[in-house]
There are 2 protein chains.
Amino acid sequence: MTKIRKRRTLKDVAEAANVSEMTVSRVLRKSGTVSAGTRKTVLAAIDRLGYVENRMAGSLATARSNQVAVIIPSLSNHVFTEVLSGISEMLDREGYQAVVGVSDYSIAKEEELVYSMMSWRPAGFVVSNVRHSPKTRNVLLNADIPVVEIMNLPEDPIEMCVGLNHTEAGRALAAYMVTKKYRRFGYVGWNESDYAAAIRFQAIKAELERHGFGIFAPDLFNRPPNLASGKSGLIRLLEQAPDRDAVFFSNDTAATGGLMHCLQAGISVPDRLAIAGFSGLESGQNLPKRLTTILTNRYETGRRAARNILQQLSNTPVRLRWDMGFELIEGETG
Amino acid sequence: MTKIRKRRTLKDVAEAANVSEMTVSRVLRKSGTVSAGTRKTVLAAIDRLGYVENRMAGSLATARSNQVAVIIPSLSNHVFTEVLSGISEMLDREGYQAVVGVSDYSIAKEEELVYSMMSWRPAGFVVSNVRHSPKTRNVLLNADIPVVEIMNLPEDPIEMCVGLNHTEAGRALAAYMVTKKYRRFGYVGWNESDYAAAIRFQAIKAELERHGFGIFAPDLFNRPPNLASGKSGLIRLLEQAPDRDAVFFSNDTAATGGLMHCLQAGISVPDRLAIAGFSGLESGQNLPKRLTTILTNRYETGRRAARNILQQLSNTPVRLRWDMGFELIEGETG
DNA sequence: CTGAAAGCGCTAACAC
DNA sequence: GTGTTAGCGCTTTCAG
């Protein structure tokens, strides 16, 4: 292994090892039959020249790629980075690699990304909303590669889906809060571009109404929630409706912000005010009070999505729809 | 735009539009000269066939890629996802795309990733440790593409670096805590594979010693810190050394865990125990008490790293070493 | 403004 | 076990 002066090719290695390019190719791919001696010579040449294979050429020739495209809405929400970890980990062991695109919760940006990533002819595609532009859907539908939609369970999936039913999850959380005797509900969150959050909110609202209760949801954020917006959202909500006894947040991060405000302002939780989140992040379970929330299985969702793609690629029969479920965490905040 | 039955090629589009492949290629790249009429026909054909360009072929032919490889240690630390956002955002506007690899803080995994990612012949490479295996360094050094090391300022960079001096940062934080009259220091964190954290710890220790104070650092974590380990780490530390009056944590997340424990256990912060973190994450500044910490410029670091690569690619003169500095946040915890 | 020929670096399929 | 030929889908170069 010494200095590389110039990009080497198979040909260089072949010449250096006094064999044909095909032999080098066979050594590289560990496929086919190469004598032990030849292999050794070739490997030595590869090392000496510092040769790194060119997969563009390889994939072009075989029409097979080891890249799997993954589009997530955001990198700053652990929900998505955890699912991504699950995907990466599973792909890794089969020699595949995740290529990540971030859509910023935008359907237009997703469309751009789909085209851009598709131009690399990935082996499979993972997307994480239910809503897609018609073009996006069309490209995905006709690409002739495995496609998985994650985090949700669409009525009409493109091909495969791995996720949970957000309506059921919202309903379960609301039902629980009702059994805990809370009555004057509020909501703080961001539903604008987060379709799953919007669905959950609708389900929460419906379930509360079914029991004869309303929910006060004043102004919603115009950006994905963080601690600060959870905090300020709760402050504004309490200004407008000081009588609330329980607040749902669109996710754990916002809920944590809310709890932080209560701790700071001396609002007793859950006696004076109950707090419910969504996701079951590690961070929400290590606060002074464990967050009451819905735990979703992000890591397993990621692994399952990747496994589905791998199975499709190897023509293994595979279930197309995976409900990964959820779990109510009866924490200490509500 | 209708159903695609089979992967289309330039040739299909050319035939459909009754022109040569070259003309289609010219339309696609907006380069060269094509008459308005021809362009219109070609675009219509592209749309009708649902053609998506094949960049493997294109990049192979031009020996140019729009992919920039980025290796970060972890996706569950906002520090790295923020820097990644900065990189992505900057690359995006120039039509480049980040391809992300996660090394899990492992030098061996990084080496694997470098080979694997290099095989796609990226336009540039971003790595985020100072420590690399000799092979990694060699491959990066000789790849003949722009390479940036981020988050640190190595003595002997591969080519370019954008980051901060962790020794100075650690020293500044320690010096501040000394001025605040804390005297019996402790340390909770994970230095094992996080080289930057290890450097900061050494700097903190040295600065305290310079003032005649020691620091008690019992057992360190064996995994990257999260709230839970920050919490349990502090608990163990206080069991062994109940007299501590100030504790440094290896990052804000661990420090937040520590603060959560104090809130829960009724330990008054900073009166009974001061807490210092590192990073200046949003989450640490929205707790019941703002964390005392060092703010680093992750987003700008990412943008700068990407810009450096873009400039190198366009042969624009560029500064190779960027000290992005840091800022002491005199919070309410110490 | 448009097209034809050659080739990017690799591999499938077949020969030897 | 190893080599030869053809070609993956695109772009470069040079004609016209």
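The figures here come from the full heavy-atom set of this structure, side chains too, leaving out hydrogens, waters and symmetry mates. Chain A is the first sequence line, chain B the second, and so forth, proteins listed ahead of strands; every chain is numbered from 1. On a predicted model such as this, the values are computed, not experimentally measured, just so you know.
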Check the distance between [N]'s [atom2] and [X]'s [atom1] and give it to me in whole angstrom.
{"X": "B:Lys11", "N": "D:dC10", "atom1": "NZ", "atom2": "P", "result": "11 Å"}
{"X": "A:Leu10", "N": "D:dG7", "atom1": "CG", "atom2": "P", "result": "20 Å"}
{"X": "B:Glu53", "N": "D:dT11", "atom1": "CD", "atom2": "C1'", "result": "12 Å"}
{"X": "A:Lys40", "N": "D:dT2", "atom1": "NZ", "atom2": "C1'", "result": "20 Å"}
{"X": "B:Arg8", "N": "D:dC8", "atom1": "CZ", "atom2": "P", "result": "15 Å"}
{"X": "B:Arg64", "N": "C:dG9", "atom1": "CZ", "atom2": "P", "result": "14 Å"}
{"X": "A:Asn66", "N": "C:dC10", "atom1": "CG", "atom2": "C1'", "result": "15 Å"}
{"X": "B:Arg121", "N": "C:dC10", "atom1": "CZ", "atom2": "C1'", "result": "11 Å"}

For A:Tyr105, enumerate each residue passing the ring pair (Phe, Tyr, Trp, His ring centres under 6.0 Å) test, keeping only those at least two apart in sequence or located in another chain. A:Trp190
Near DNA chain D, under 4.0 Å by heavy atom, which residues of residues 15-25 of chain B?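 The stretch gives B:Glu21, B:Met22, B:Ser25 as the residues lying under 4.0 Å from the strand, ordered by number.
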Return the set of residues passing side chain to side chain contact (heavy atoms under 4.5 Å, CB included) with A:Leu320 (not counting sequence neighbours), or none when no residue passes. A:Met160, A:Gln312, A:Val318
Not counting sequence neighbours, which residues clear side chain to side chain contact (heavy atoms under 4.5 Å, CB included) with B:Tyr96? List them please.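 With neighbours one apart ignored, the set is B:Asn66, B:Val68, B:Leu91, B:Glu94, B:Ala123, B:Leu310, B:Leu313.
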Using C1' atoms of five pairs at each end, report the bend of the helix from C:dC1-D:dG16 to C:dC16-D:dG1 rounded to 10 degrees. 30°
Between [N] and [X], is there an OP1 or OP2 to side-chain N/O distance shorter than 4.0 Å?
{"X": "B:Arg29", "N": "D:dT11", "value": "yes"}
{"X": "A:Thr9", "N": "C:dC8", "value": "no"}
{"X": "B:Thr38", "N": "C:dT2", "value": "yes"}
{"X": "A:Arg55", "N": "C:dC8", "value": "no"}

Listing request: all salt bridge (Lys or Arg N to Asp or Glu O under 4.0 Å) pairs with a residue in [range], at least two apart in sequence or in separate chains.
{"range": "residues 60-84 of chain B", "answer": "B:Glu82-B:Arg298"}
{"range": "residues 109-124 of chain A", "answer": "A:Asp104-A:Lys109, A:Lys109-B:Asp92"}
{"range": "residues 146-164 of chain A", "answer": "A:Arg137-A:Asp156"}

Counting only heavy atoms not in B:Arg131, do more than 12 sit closer than 6.0 Å to its CZ atom?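 No, because the 6.0 Å sphere around CZ of B:Arg131 holds 12 heavy atoms or fewer from other groups.
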So ring pair (Phe, Tyr, Trp, His ring centres under 6.0 Å) across residues 66-89 of chain B, not counting sequence neighbours, yields A:His78-B:His78
Give me each pair satisfying ring pair (Phe, Tyr, Trp, His ring centres under 6.0 Å) with a member in residues 118-155 of chain A, each pair once, sequence neighbours excluded. none
B:Asn308 (side chain) donor-acceptor with B:Arg319 (main chain) under 3.5 angstrom: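 Pair found, side chain donor or acceptor close to backbone of B:Arg319.
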Check: A:Ala44 main-chain N/O paired with A:Asp47 side-chain donor or acceptor under 3.5 Å: no
Listed by chain and number, what are the side-chain hydrogen bond (donor to acceptor under 3.5 Å, both in side chains) partners of B:Asn54, not counting sequence neighbours?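 B:Asn54: no side-chain hydrogen bond (donor to acceptor under 3.5 Å, both in side chains) contacts found.
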List, with names and distances, any nitrogen or oxygen atoms from the protein found under 3.5 Å away from nitrogen or oxygen atoms belonging to nucleotides 14-16 of chain D.
none

Start at the 5' end of DNA chain C and walk down; is the nucleotide closest to A:Met56 or to B:Ser35 reached first? B:Ser35
Residue B:Tyr51, side-chain atoms from C-beta onward, closest of D:dT2, C:dC10, D:dC10: D:dC10
